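Structure first, then comments.
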Amino acid sequence: MAGLCGWFSRGGGQDGRDIRSRADTLAARRGAGMDSRSNPRAACLVRDGWLAEDDQGRMVALVGHPHWRDGELAELARAQGPAQALLEAWRRHGPGLLDCLAGDFALAVIDTAQGRVLAGVDRMGQQPLHYARIPGGVVFGSTADSVLAHPGLSRTPTPEGLYHYLFFHMLPAPVSLFPDLAKLQGAHCLQAEGGAVEATPYWQPRFQEPDGADGAELGEELRGLLHESVRRRADVDRPGAFLSGGLDSSTVAGMLAGVRPEGADTFSIGFHAEGYDELPYARIAARHFGTRSHEYYVTPEDVVEAVPLIAASYDEPFGNSSALPAYFCARVAAEQGVTRMLAGDGGDELFAGNARYAKQGVFEHWGRLPGPARRALEPLFTRLPRGLPVLGKARSYVEQARIPLPDRLQTYNYLHRLAVEEMLEPDFLGQVDREAPWGLMRSIYQRPQEASALNRMMYLDWQQTLADNDLRKVSRMVQLAGLDVVYPMLDDDLVVFSCRVPSALKLQQGRLRHFYKEALSGFLPAEIIDKKKHGFGLPFGVWMHEHPPLREMAYDSLLRLKGQGFLRPAFIDELIRLHREGHSAYYGDFVWILMMLDLWLEAHPAEGAASLPRAAQA
């Protein structure tokens with residue numbers, strides 16, 4: 001697993017030796033191949049990356065798949081290695097070096113002579129970076145574990161962290177499960193100097209809505225960018241591609257087949273469950289592009305076997321159930337000798353492919369009515385009877401439409417639809433800011449300047465749906481299988497290009513991915529272009545009804561959570577009843593989310609303390 005970690009403290013001394021000792025122990029625990037540099041004030045460790053230092057007290061580390069926009073720096077990276085290029089970029093540009101770097105990366109520069117630290121991640125947050133303030137400096141790392149090697153930091157989960165997990169089903173940056181630990185959002189950097197530590201954005205997208213944009217010309221440009229992005233990332237002996245049969249995975253698979261004269265390997269997952277199996281579409285794409293197709297059907301037995309391993313593999317709780325099929329897909333690829341997987345994640349968030357974008361566009365019509373008209377109509381609509389088909393839908397429409405974005409995106413959230421007071425213990429609720437998740441969403445949503453509602457929703461998804469969720473899911477599962485992974489759809493040039501495509505082309509009259517589908521028409525099979533969005537969804541809730549060992553594992557996890565002090569025991573009993581008697585898929589997802597939290601807590605006990613804060617153990 002590639003990664004970096006390091007620290008800087010103006011004090012150094014014994015504390016510094018303790019940190020280096022713990023970091024070395026952590027490196028040994030995670031495997032061989034860890035390079036390190038250190039002095040009394042700082043240390044840096046890198047695995048499967050690049051590390052360098054000079055005689056002026058500068059130390060740099062870099063991981064990922066970076067490339068330089070600056071031609072001289074690119075040549076230096078080829079001749080002497082990426083770390084030497086990073087050193088030179090720091091000498092020339094200081095923190096401005098981030099404007100010269102593209103691709104996916106996490107980097108750190110420790111300049112002990114100047115008492116300065118710079119750490120940063122790529123624009124889309126493909127590589128993670130955690131950090132914590134320490135006396136006189138900062139400690140940072142690719143994982144929470146690497147930062148928590150510092151002896152002054154606690155591994156005890158916080159109520160705020162647990163609440164964010166229950167809200168988002170993962171921990172969105174900058175939030176962490178642990179006290180004093182934070183994470184960088186995409187396109188953010190961390191700077192420490194003179195005892196001050198600050199995380200700020202170094203890049204912001206500029207969304208444009210040009211009049212008279214030529215869809216045909218833009219489409220030709222898109223195809224060229226896609227081809228170049230895949231070509232650049234397929235430069236290994238045995239690349240392979242995820243293939244779900246959707247637009248993006250089929251595009252990446254087709255482009256890979258086009259740049260590999262010897263043929264391309266694609267990997268697909270199926271389920272013996274109605275409504276979940278997309279293998280027929282994956283087969284259409286594989287036949288169309290002539291790839292060597294590898295398939296695997298996930299079973300309930302696979303879930304029972306792999307879930308504890310998957311839950312434990314993350315350094316914070318992670319509740320996306322499609323991690324499991326991603327893991328089995330990557331495992332099959334590893335067995336076939338593939339060394340790097342190309343994943344299709346990102347296209348929906350760049351070119352308007354998520355159904356909620358179209359749905360929210362319908363609700364936005366209400367907001368365009370004149371204010372007096374809305375004020376007059378709202379009381380009439382919200383008094384309509386819910387039980388009548390047409391009138392009930394009209395009432396529901398107005399009730400949702402008057403909720404502003406981005407809050408309206410969470411109307412199906414479990415913490416919104418279920419009574420939080422009946423779900424969580426009063427002592428636990430008293431320690432959390434219930435508005436914090438909403439505030440985080442609003443701040444990200446409002447960040448882009450002069451952006452349409454569609455582009456704001458997509459930008460919010462860049463940070464939370466992609467960087468915090470889908471990319472963490474795929475990257476960790478591919479790493480668990482022993483492989484490397486890249487995301488061609490998230491190429492910097494493609495991202496900037498997507499900002500030049502007008503919203504009305506991306507989503508036209510409710511048609512998702514309109515521009516993209518038109519641009520790729522003739523390249524992708526018509527069946528792929530016309531299919532409904534699906535993905536690697538897991539039929540967990542359905543299988544729980546049919547497979548007793550799976551049901552027993554899930555319910556055992558829920559019952560163990562009764563003793564953790566933050567969920568009300570009566571709510572857990574009610575959730576089990578709702579799953580048994582109600583909508584198995586809907587409530588099954590929440591069962592999965594809680595099961596993964598329990599299994600994570602079992603695998604990651606706090607050091608020298610109970611797993612949860614004392615006040616949450618009433």
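Computed from heavy atoms alone, side chains included, the values below leave out hydrogens, waters and symmetry copies. Since the structure is predicted, the reported quantities are computational estimates derived from the model, not experimental observations.
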So Leu471 and Asp345, do their side chains get closer than 4.5 Å, heavy atoms only?
yes
Compute both the distance and the angle, then confirm whether Arg500 meets the cation-pi test with Phe497: under 6.0 Å from the six-membered ring centre, within 45 degrees of the axis.
no
Check whether Lys359 reaches the backbone of Leu409 with its side chain - one donor and one acceptor, N or O, closer than 3.5 Å.
no
Using a 6.0 Å cut-off, check whether atom NZ of Lys562 has over 12 heavy atoms from anything other than its own residue.
yes
Side chain to side chain donor-acceptor pair (under 3.5 Å), paired with Ser176, selected from Glu160, Glu316, His130, His164:
Glu316
For Tyr165 and Ile593, indicate whether the former's side chain and the latter's backbone hold a donor-acceptor pair under 3.5 Å.
yes
Which residue in the set Tyr587, Trp592, Tyr586 passes ring pair (Phe, Tyr, Trp, His ring centres under 6.0 Å) when paired with Tyr414?
Tyr586
Side chains of Arg551 and Pro300 in contact at under 4.5 Å (non-hydrogen atoms):
no
Run the side-chain contact (heavy atoms from CB on, under 4.5 Å) test on Leu507 and Phe351 for me, step by step, so that the C-alpha distance in whole Å, both residues' side-chain angles and the decisive distance to 0.1 Å come before the verdict.
CA-CA 8 Å; Leu507 177 63; Phe351 299 105; over 6 Å; no
For a 4.5 angstrom cut-off between non-hydrogen side-chain atoms, does Trp462 reach Ile444?
no
To the nearest 0.5 Å, tell me how far Leu162 CG sits from Gln431 CD.
10.0 Å
Have Glu399 and Thr382 got a donor and an acceptor in their side chains that come within less than 3.5 Å?
no
Is there a donor in the side chain of Arg408 and an acceptor in the side chain of Gln360, or the other way round, less than 3.5 Å apart?
yes
Step by step, would you call Tyr459 with Tyr445 a ring-ring contact (aromatic ring centres under 6.0 Å, His included)?
CA-CA 7 Å; Tyr459 177 75; Tyr445 180 82; 9.4 Å; no
Has His579 got a side-chain atom pairing as donor or acceptor with Leu575's backbone, closer than 3.5 angstrom?
no
Spell out, as yes or no, whether a donor-acceptor pair under 3.5 Å connects the side chain of Ser268 to the backbone of Leu243.
yes
Can you find a side-chain donor-acceptor pair between Tyr487 and Asp248 that sits under 3.5 Å?
no
Crowding at CD, Gln208 (>12 non-hydrogen neighbours, <6.0 Å)
yes
Assess, by modelled atom type and distance only, whether the side chains of Arg447 and Gln185 contain a donor and an acceptor separated by less than 3.5 Å.
yes
Test log, rule salt bridge (Lys or Arg N to Asp or Glu O under 4.0 Å), inputs Glu378 and Arg383:
CA-CA 9 Å; Glu378 276 185 12; Arg383 293 192 187 104; over 6 Å; no
Do the rings of Phe167 and Tyr163 sit parallel, tilted or perpendicular, given the 30° and 60° boundaries?
tilted
Over 60° means perpendicular and under 30° means parallel, so tell me whether Phe566 and Phe428 are parallel, tilted or perpendicular.
tilted
Six-ring centre of Phe515, Lys506 cation under 6.0 angstrom, axis tolerance 45°:
no
Which pair of non-hydrogen atoms, one from Tyr131 and one from Leu184, has the smallest distance, and what is that distance?
CE2-CD2, 3.9 Å
